[in-house]
Protein chains: 2
Amino acid sequence: MNSVPPNPNSNSTVSNGGAAEPSAGSAAAPSPTFSPLYQQIKALITQSLQSGEWKPGELIPSEVELANRFKVSQGTVRKAIDELAAENLVMRKQGKGTFVSTHHEARAHFRFLRLMPDEGVPHYPESKFIEVKRMRAPADVARLLDLKSGDAVIFIKRVQSFDSLPTIVEELWLPGMTFKGLTAERLVEYKGPMYGLFESEFGTRMIRATEKIRAVCAGADDAELLHVPVNTPLLASERVSFTYGDKAVELRRGLYSTERHHYHNELN
Amino acid sequence: MNSVPPNPNSNSTVSNGGAAEPSAGSAAAPSPTFSPLYQQIKALITQSLQSGEWKPGELIPSEVELANRFKVSQGTVRKAIDELAAENLVMRKQGKGTFVSTHHEARAHFRFLRLMPDEGVPHYPESKFIEVKRMRAPADVARLLDLKSGDAVIFIKRVQSFDSLPTIVEELWLPGMTFKGLTAERLVEYKGPMYGLFESEFGTRMIRATEKIRAVCAGADDAELLHVPVNTPLLASERVSFTYGDKAVELRRGLYSTERHHYHNELN
DNA sequence: GAGTGGTCTAGACCACCCG
DNA sequence: GGGTGGTCTAGACCACTCG
């Protein structure tokens with residue numbers, strides 16, 4: 001019994017401190033910056049996602065294939081993919097394979113849209129665009145998007161309606177660099193969530209976002225757009241969305257009418 | 001090579017459809033209700049948590065010990081504990097062991113309190129209790145807490161202040177059954193988050209919650225309590241909190257002043 | 001039946017903590 | 001130095017999908 005091969009830590013493309021030489025038992029400090037193998041694999045897979053080697057909606061190579069490619073065991077790439085799945089970058093489907101997540105799916109639509117109807121089933125709103133223009137980033141926008149004040153940004157203002165009832169008025173700022181060529185026409189003709197368009201047309205996938213929410217009173221303009229009396233209380237949300245590498249690529253300020261809807265949240 | 005023992009699926013306390021008999025290869029349908037071993041282990045561990053065999057803050061048995069107890073491999077209990085840790089029921093500490101999570105820790109305090117200061121570091125507010133009484137559950141409260149209308153509930157109203165500035169006014173309803181003996185005195189003298197008291201004194205641990213958020217205008221009473229003008233816009237939150245077994249054990253309705261604070265959320 | 005993800009095991013070794 | 005969680009491997013088998 002117990003005659004397993006010495007497990008030479010399978011040298012490979014990736015490693016920690018030392019290059020190879022796993023033989024002796026007491027040499028080389030345990031590497032001050034220790035990073036597990038599966039984290040390195042995860043980073044490599046993430047790179048392939050970011051670079052577009054595997055596009056949203058597509059099937060990525062199987063676990064065994066990736067294990068061979070990276071010269072590690074299947075269990076290790078498995079753990080890497082587990083984390084990517086937990087972060088919604090990838091979706092596993094037993095018997096079929098692992099797919100790159102996409103914002104073109106019913107499942108993804110309510111990951112960022114948290115406004116739910118008080119009654120009835122959630123559904124996606126229709127958009128009406130009020131304004132789309134290129135401009136220079138104001139100081140506050142520049143700061144949140146990690147740009148320089150005065151850098152080119154695209155500004156979008158729209159109203160979203162559920163069952164023809166205007167409920168959300170939103171202003172968006174996007175880095176001009178990243179969204180070169182985004183036009184009002186393209187926005188209007190596009191059906192489905194805006195993040196789907198960003199992903200398909202500009203190769204920019206929203207990964208996560210942070211949101212700050214307040215209560216405010218409706219001003220005259222917004223009251224008119226939302227068909228509510230002036231001074232109606234509204235939810236005000238400020239959202240910054242991030243793509244790969246924690247890069248901020250969208251600032252979105254929304255006003256939500258909460259007459260027939262509420263902001264839904266799960267605390268875990 | 002390749003002379004591993006036949007892996008008799010190690011019969012055990014737990015199992016799926018068939019009792020044992022893992023020998024033949026083609027008998028017994030693959031059990032219509034298949035539940036992985038690690039899920040069964042997870043359920044068993046959860047039972048021990050719920051029953052109080054291991055109390056909040058305490059060390060639970062080591063992975064190898066649990067593996068022996070349940071007659072499974074360490075890897076299997078590991079996967080079970082992984083999920084419990086992901087659900088915040090348990091906390092792993094390398095080199096020390098696995099501990100039952102508790103609401104008495106700085107880490108846990110902001111899991112349910114999402115109101116953050118616009119500037120400065122988050123800290124926990126001071127409470128001032130306005131009212132504590134036993135009453136019969138109104139219909140809407142009964143429905144949300146899964147009680148019968150008229151069942152005994154405890155009603156609590158309090159104001160919470162950050163740096164002596166009143167910011168939150170909250171009304172809570174708790175099932176009288178679960179929180180027998182909860183008094184105003186006990187609440188007042190207790191320092192720290194209320195969920196800590198619930199856990200220590202009543203053996204009821206809050207696991208998760210759902211929240212619905214709206215914008216409203218301050219009425220006269222609430223405006224006075226929060227030191228804001230009447231009709232100031234406020235965030236209104238309705239939270240239902242759950243303990244083990246998805247049992248609702250708290251209804252909390254809060255009004256938040258968002259002059260100097262905001263509701264913070266992460267979208268993943 | 002072949003391929004993919006999902007489960008389970010057994011064993012080795014590593015990083016971390018503490019007495 | 002011994003215990004605990006954390007990583008990694010290798011291999012077997014299961015559940016699911018699809019042609």
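Chain identifiers are assigned alphabetically (A, B, ...) following the order of the sequence lines, protein sequences preceding nucleic acid strands; residue numbering begins at 1 within each chain. Keep in mind that the numbers below use all heavy atoms, side chains included, and drop hydrogens, waters and symmetry copies. As the structure is a prediction and not an experimental result, all values here were calculated from the model.
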| query | So among B:R114, B:M206, B:R208, which one has a side chain to side chain contact (heavy atoms under 4.5 Å, CB included) with A:L267? | reply | B:R114

N/O (side chain, [X]) to phosphate O (OP1/OP2, [N]) under 4.0 Å:
X: A:R78; N: C:dG5; result: no
X: A:R92; N: C:dT4; result: no
X: B:S62; N: D:dT4; result: yes
X: B:T98; N: D:dG5; result: yes

d([atom1], [X]; [atom2], [N]) in whole Å:
X: B:K71; N: C:dT9; atom1: NZ; atom2: P; result: 12 Å
X: A:M91; N: C:dG6; atom1: CE; atom2: P; result: 11 Å
X: B:K79; N: D:dG6; atom1: NZ; atom2: P; result: 15 Å
X: B:K96; N: D:dG5; atom1: NZ; atom2: C1'; result: 12 Å
X: A:D82; N: D:dC8; atom1: CG; atom2: P; result: 13 Å
X: B:Y38; N: D:dA15; atom1: OH; atom2: C1'; result: 13 Å
X: B:Q74; N: C:dT7; atom1: CD; atom2: P; result: 18 Å
X: B:E63; N: C:dC8; atom1: CD; atom2: C1'; result: 15 Å

| Is a side-chain donor-acceptor pair under 3.5 Å present for A:Y195 with A:S241? | yes

| query | Are side-chain N/O atoms of B:D82 and B:Y38 paired as donor and acceptor at under 3.5 Å? | reply | no

| task | Given side-chain contact (heavy atoms from CB on, under 4.5 Å), test B:H262 with A:E238 step by step and report yes or no. | result | CA-CA 10 Å; B:H262 59 268; A:E238 177 176 271; over 6 Å; no

| C:dC8, D:dT9, D:dG5: which one has an atom nearest the side-chain heavy atoms of A:V72? | D:dT9

| query | Between D:dT9, D:dA15, C:dA15, which nucleotide gets closest to the side-chain atoms of A:S73? | reply | D:dT9

| request: For side-chain contact (heavy atoms from CB on, under 4.5 Å), just list the numbers for B:I207 and B:E87, CA-CA rounded to whole Å, side-chain angles, deciding distance to a tenth of an Å, and then say yes or no. | output: CA-CA 8 Å; B:I207 302 296; B:E87 296 168 20; 6.0 Å; no

| Given DNA chain D, 5'-ward residue of the pair B:P61 and A:T76, judged by closest heavy atom | B:P61

